[in-house]
Amino acid sequence: MILRAFFRFTIMYPTQYFRSIDSTNSRAKEIADAGAIHGAAVVAAYQTKGRGRLGKDWHSVQGKGLYCSIIVRPNVSLEEYPKITLVAGLSVALVLDKFILGRKSQLKWPNDIYYNGKKIAGILTESSAMAASREDRYAVIGIGVNVNQAAKDFPLELQETVTSMSIESGSEFKVDVLFQAIRLELLDQLQIFGDAGFQPLLNRWRKKDFLLGREMACVTTEGKKIRGIALGPDDEGQLHVRDIYGRIHQVLSGDVRLATS
Ligand code: BTN
């Protein structure tokens, strides 16, 4: 523990900063393929082709959001890699709770961070080729956080469903201070993942579950569209829902949304 605290303040993790880039995830994958170390990162003030999950775009507002990608090489097996997104979401949420005092952030399975019922941050995890040997294996954790945006900075169609740290607190935040805090928290949580397994992290994740008990629409692992009540992630991090007939389904890691009538 003391050793970890010591390294936390002495290791300088390499960071590449860009005024503008297509996508920090694309750049991070390039440097990870070239051997970048665990904790190395790419940060940009603006992205011209920021990517979200499921092929969606991630909208950037010059200098007002955090757009970063952190390369991680955690000490976990290949089968555990899909859980990294949940660990990353938890890490971001814990940091936001320290920065924005008051209401607590929540996690919407698998990759969204919510605040006050609106999306405030998202995670896009991209991994090295599955065939990569353990030494070559990595995940790039792309993190987008709405930091100093005002409501009018977002596209009209998003203004009802997204928020920013500034909107919620009335304060301005230093984007780089936030980035450094998120990287340290993420590396700490991944250390716990490697040392103690997923369970302690999952227990904390479950306390922040935004969907739990809510009616949602989703696609099951068998490819069926269903509506049901979210039961939260199981011990493997897979979301389960109960349909109106009481049947339990495992949800595909696809688009999960609250059901509207
Ligand atoms: C989502 O909510 O769908 C995930 C959004 C992830 C956006 C971040 S911004 C930094 C990094 N680079 C990208 O191109 N995407 C991620």
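Side chains are part of it too, since the values below use all heavy atoms of this structure and drop only hydrogens, waters and symmetry mates. When a ligand or atom number is given, it counts from 1 through the structure's own listing order.
- Salt bridge R206/D235: present, at least one basic N to carboxylate O contact under 4.0 Å.
- On a distance-only criterion, Q47 and ligand 1 share at least one N/O pair closer than 3.5 Å.
- Side-chain N or O atoms of Q106 include none that pairs as donor or acceptor with a backbone N or O of Y114 at under 3.5 Å.
- Residue-ligand proximity, T24 to ligand 1, at heavy-atom distances under 4.0 Å covers atoms 10 (C), 11 (C), 12 (N).
- Checked against salt bridge (Lys or Arg N to Asp or Glu O under 4.0 Å), R247 has the following partners two or more places apart in sequence or in another chain: D243.
- Of the protein's non-hydrogen atoms, W58 CE3, 3.3 Å is the one closest to atom 5 (C) of ligand 1.
- Residue contact check: G50 has heavy atoms under 4.0 Å from atoms 14 (O) of ligand 1.
- Screening T163, D112, N146 for a side-chain hydrogen bond (donor to acceptor under 3.5 Å, both in side chains) involving K119 leaves a single residue, D112.
- Per-residue contacts place I123 under 4.0 angstrom from the following atoms of ligand 1 (heavy atoms of the residue considered): 4 (C).
- Every atom of ligand 1 is numbered from 1 in the order shown, and the set under 4.0 Å from a heavy atom of K119 is 1 (C), 2 (O).
- Remark: distances from the non-hydrogen atoms of K56 to ligand 1 are all 4.0 Å or more.
- Judged by distance alone, with hydrogens and angles left aside, the side-chain atoms of R73 form a donor-acceptor pair with the main-chain N or O of A36 at under 3.5 Å.
- For ligand 1, the atoms closer than 4.0 angstrom to any heavy atom of G52 are 1 (C), 3 (O), 4 (C), 5 (C).
- Contacts with ligand 1 closer than 4.0 Å are made by backbone heavy atoms (N, CA, C, O) of C68 only, the side chain lying farther away.
- Near D112, meaning under 4.0 Å from one of its heavy atoms, ligand 1 places the atoms 2 (O).
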Side chain to side chain contact (heavy atoms under 4.5 Å, CB included), that's the test. Do K208 and D97 meet it? Break it down for me. CA-CA 11 Å; K208 290 181 153 297; D97 289 349; 2.5 Å; yes

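- Backbone and side-chain nitrogen or oxygen atoms of S23 are examined, and one is located within less than 3.5 angstrom of a nitrogen or oxygen of ligand 1.
- Not counting sequence neighbours, the partners of D153 by the side-chain contact (heavy atoms from CB on, under 4.5 Å) test are V61, K64, Q149, A150.
- Shown here for L186 and V72, the closest heavy-atom pair between the two residues is CD2-CG1, 4.2 Å.
- With ligand atoms numbered from 1 in the order given, ligand 1 contributes 1 (C), 2 (O), 3 (O), 4 (C) to contacts under 4.0 Å with heavy atoms of N111.
- Interface of R53 with ligand 1, defined as ligand atoms under 4.0 Å from a residue heavy atom, comprises 1 (C), 3 (O), 4 (C).
- When hydrogens are left out, the protein atom nearest atom 6 (C) of ligand 1 is R51 O, 3.6 Å; that is the closest non-hydrogen contact.
- Tested against S26 for a side-chain hydrogen bond (donor to acceptor under 3.5 Å, both in side chains), the candidates Q47, R51, E126 yield a single pass: R51.
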